[in-house]
Amino acid sequence: MSPSPAERAEALRRQIDEAGTAYHERDEQLIPDAEYDRLVRELEALERDHPELAVADSPTQRVGGKASSRFAEVRHAVPMLSLGNAFSDEEVQDFVRRISERLRRDALYFSAEPKLDGLAISLRYENGRFVQGATRGDGSTGEDVSANLRQIAVIPQELQGAGWPDVLEVRGEVYMARADFEAYNAQARLHDGKVLANPRNAAAGSLRQLDPKMSARRKLSFYAYGTGQVEDGDLPPTHSATLAQLRAWGFPVSELCQVVEGSAGLLAYYRDIGERRDGLAFDIDGVVYKLDDRAGQETMGFVSRAPRWAIAHKFPAQEQTTTVEAIEIQIGRTGAATPVARLNPVAVAGVIVSNATLHNADQIQRLDVRVGDTVIVRRAGDVIPEVVSVIAERRPAGTTPWQMPAQCPVCGSEIVREEGEAVWRCSGELSCPAQRKEAIAHFASRRAMDIDGLGGKYIETLVDAGIVRSVADLYRLTRDQLLHLKLVLDADTPEALAAQIGLHLPPEGSGDYLRAILQLDGSDAGWRAKALAMPTAFAWNTRKIATRWADNLIAAIDASRDTTLERLLFALGIENVGENTSKGLSTWFGDLELIRHLPWPLFKRVPDIGGEVARSLGHFF
Ligand code: IVH
């Protein structure tokens with residue numbers, strides 16, 4: 001039986017409160033923001049339909065969390081409010097329509113701003129000096145984090161210029177730039193410290209460190225986006241002019257803030273920022289629209305927890321929850337064994353994610369990810385989706401900690417970890433098909449031999465069918481082989497293709513199977529002729545595309561015979577030999593034969609080549 005509205009509202013309140021308390025008071029994230037937002041919206045809708053359920057202490061009536069007792073309390077003279085959310089164009093249009101109707105105005109101007117993903121802060125200045133800084137807390141009482149805020153270089157201790165009010169509260173977001181977050185985590189990994197889950201948690205955690213020195217170690221930034229209490233002095237009559245004034249007094253204000261007109265202007269801004277999002281130096285989770293003129297703002301006023309003159313327009317969530325169905329190992333070019341979580345497919349920021357990297361065995365141990373766990377996955381821009389954390393409360397009974405398998409799942413060789421190394425490796429080297437495929441893909445890549453068109457799925461089949469065993473075999477491929485490869489792989493299924501042309505297939509997955517569907521032994525000229533003249537199986541256009549691809553690929557392979565020594569050395573994928581080392585070796589020796597036969601310790605004579613690289617070269621040749 002489905003729960004009654006009252007029961008459902010009660011369950012929602014409990015979930016929202018639990019997540020909110022963990023987030024605001026312990027800097028801990030139980031569920032992704034998107035799910036939190038969804039729960040709040042469901043509760044809001046329920047309370048709208050059943051007003052008797054809207055109790056006074058419902059989370060829909062409150063902002064944020066309670067101030068924690070570790071810091072002194074600060075009462076905000078002007079409450080720090082939250083923002084309502086819009087997730088669709090229609091909700092933005094409704095927002096504009098409401099203001100337009102209330103103010104009886106057609107032309108409305110808005111300040112459109114990035115919504116930084118950090119922590120809201122209020123900075124208090126008296127007679128131009130910074131005297132106190134506080135977190136938002138529950139909106140009316142926050143925590144005094146002045147000591148930590150003094151560690152943030154971009155927050156002015158003294159205002160610049162002149163003309164500021166005697167009392168001025170500046171509000172804005174403390175955040176951690178992506179580069180600083182990466183640098184912090186790189187250090188933490190090196191020193192076995194605690195790795196931070198994302199820049200927002202990093203900012204929140206740092207600001208609430210009791211020891212300001214700890215907080216100083218993590219580089220925080222700040223953007224101003226508004227004001228609180230203002231006494232004995234005036235601010236300009238629009239929000240945008242106020243931001244310009246704050247900038248003149250020494251506060252960082254985002255360059256992305258812009259004045260736009262009407263809902264069309266807002267939506268164009270949303271799209272523009274959405275496109276630039278991945279390239280920004282910091283994380284944003286949406287944009288904020290604020291009616292620009294303060295007189296209009298005052299007329300509009302507030303609803304319980306948010307102004308009616310401003311709204312946050314959120315981007316699709318970059319984090320979602322899902323469950324781990326399996327943890328598998330992926331073998332890279334140098335044999336590195338990377339654990340990958342196979343997930344129950346879930347849409348993250350508009351893309352279905354069914355795999356997420358777990359980076360390495362240490363990371364799994366740190367997160368304690370187990371098969372069956374409910375996890376938070378994150379996909380930001382074009383980076384590989386990753387598992388951010390485990391929701392411990394939802395772990396089913398009877399799970400066991402994950403362990404690195406003893407053998408490579410591809411070739412069966414031992415998986416080993418060298419002293420002092422973080423990564424585990426398959427010891428099979430080039431006898432391992434997985435490593436062979438990666439080595440060939442690297443060889444063909446743009447910065448190496450630049451063989452355009454030889455994508456992963458073709459390499460995969462060529463290696464599995466035993467046609468290409470090493471990079472040298474690439475130079476023996478024929479145009480016909482490639483044409484068949486393309487036609488078969490691009491067909492819906494090999495079985496469909498085989499049925500069309502009356503070919504009997506050996507058991508799937510075997511080498512014979514692949515050889516058969518490719519018919520690459522050349523013995524059955526009749527089948528090949530049929531495959532090439534299959535008007536029913538392939539439209540003429542498909543064959544034309546495949547032919548052009550095969551011709552181009554043969555030409556690219558041919559062209560790669562004429563390359564530089566430097567590229568060839570890099571393309572061979574020798575461990576520890578990147579582009580720079582390849583360049584150095586090529587200038588120094590100028591000849592592959594010399595390099596091939598050099599006793600390895602002599603490599604150490606080359607500038608910038610150490611013992612490890614020299615040994616790798618010796619081992620390879
Ligand atoms: S204005 C009364 N502007 O988003 C208006 N908030 O969901 C109060 N935020 O608590 C907020 N960037 O932490 C505003 N440009 C921006 C913002 C912004 C990020 C955060 C802020 C606020 C939360 C509301």
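Remember, it's 1-based here, ligands and their atoms both numbered in the order they're listed.
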Arg97/Asp106 ion pair, N-O < 4.0 Å: no
If we ignore hydrogens and angles and just use 3.5 Å, is the side chain of Arg308 paired with the main-chain N or O of Met300 as donor and acceptor? yes
Pair Asn148, Ser146: side-chain N/O donor-acceptor within cut-off below 3.5 Å: no
Among all the protein's non-hydrogen atoms, which is closest to atom 13 (O) of ligand 1, and how far away is it? Glu173 OE1, 2.6 Å
How far is atom 6 (N) of ligand 1 from its nearest protein heavy atom, and which residue and atom is that? Tyr225 CZ, 3.4 Å
Which bit of Glu113 gets closer than 4.0 Å to ligand 1, counting heavy atoms only: side chain, backbone, both or neither? side chain
Going by heavy atoms in the side chains, are Arg38 and Arg41 under 4.5 Å from each other? no
Going by the 4.0 angstrom heavy-atom rule, the piece of Arg136 near ligand 1 is side chain
Below 4.0 Å from ligand 1: does a non-hydrogen atom of Pro307 turn up there or not? yes
Does Asp373 use its side chain to pair, donor to acceptor, with the backbone of Arg370 at less than 3.5 Å? yes
Considering non-hydrogen atoms of the protein only, which is the closest contact for atom 23 (C) of ligand 1, and what is the distance? Lys115 NZ, 3.9 Å
Is ligand 1 under 4.0 Å from a heavy atom in the side chain of Leu83, in the backbone, in both, or in neither? both
Among all protein heavy atoms, pick the one closest to atom 3 (N) of ligand 1 and tell me residue, atom and distance. Lys290 NZ, 2.9 Å
Return the residue, atom name and 0.1 Å-rounded distance of the protein heavy atom closest to atom 8 (C) of ligand 1. Leu81 O, 3.8 Å
What do you reckon, does Met80 put a non-hydrogen atom under 4.0 Å from ligand 1? no
Presence of salt bridge, Arg366 and Asp362, under 4.0 angstrom: no
Heavy-atom contact check, 4.0 Å cutoff: does Pro114 meet ligand 1? yes
Salt bridge check, Glu91 against Lys314: does any charged N sit closer than 4.0 Å to a carboxylate O? no
Within the 4.0 Å heavy-atom shell around Ala120, which atoms of ligand 1 are there? 10 (O), 13 (O)
Can you tell whether the side chains of Arg277 and Glu275 come within less than 4.0 Å, N to carboxylate O? no
State whether Asp89 and Arg271 are salt-bridged, where the test is any N-O pair (Lys NZ or Arg NE/NH1/NH2 against Asp/Glu carboxylate O) under 4.0 Å. yes
May I ask you to identify, for Arg171, whether its side chain, its backbone, both or neither come under 4.0 Å of ligand 1 on a heavy-atom basis? neither
Any atoms of ligand 1 less than 4.0 Å from a non-hydrogen atom of Leu116? List them with their elements. 12 (N), 19 (C)
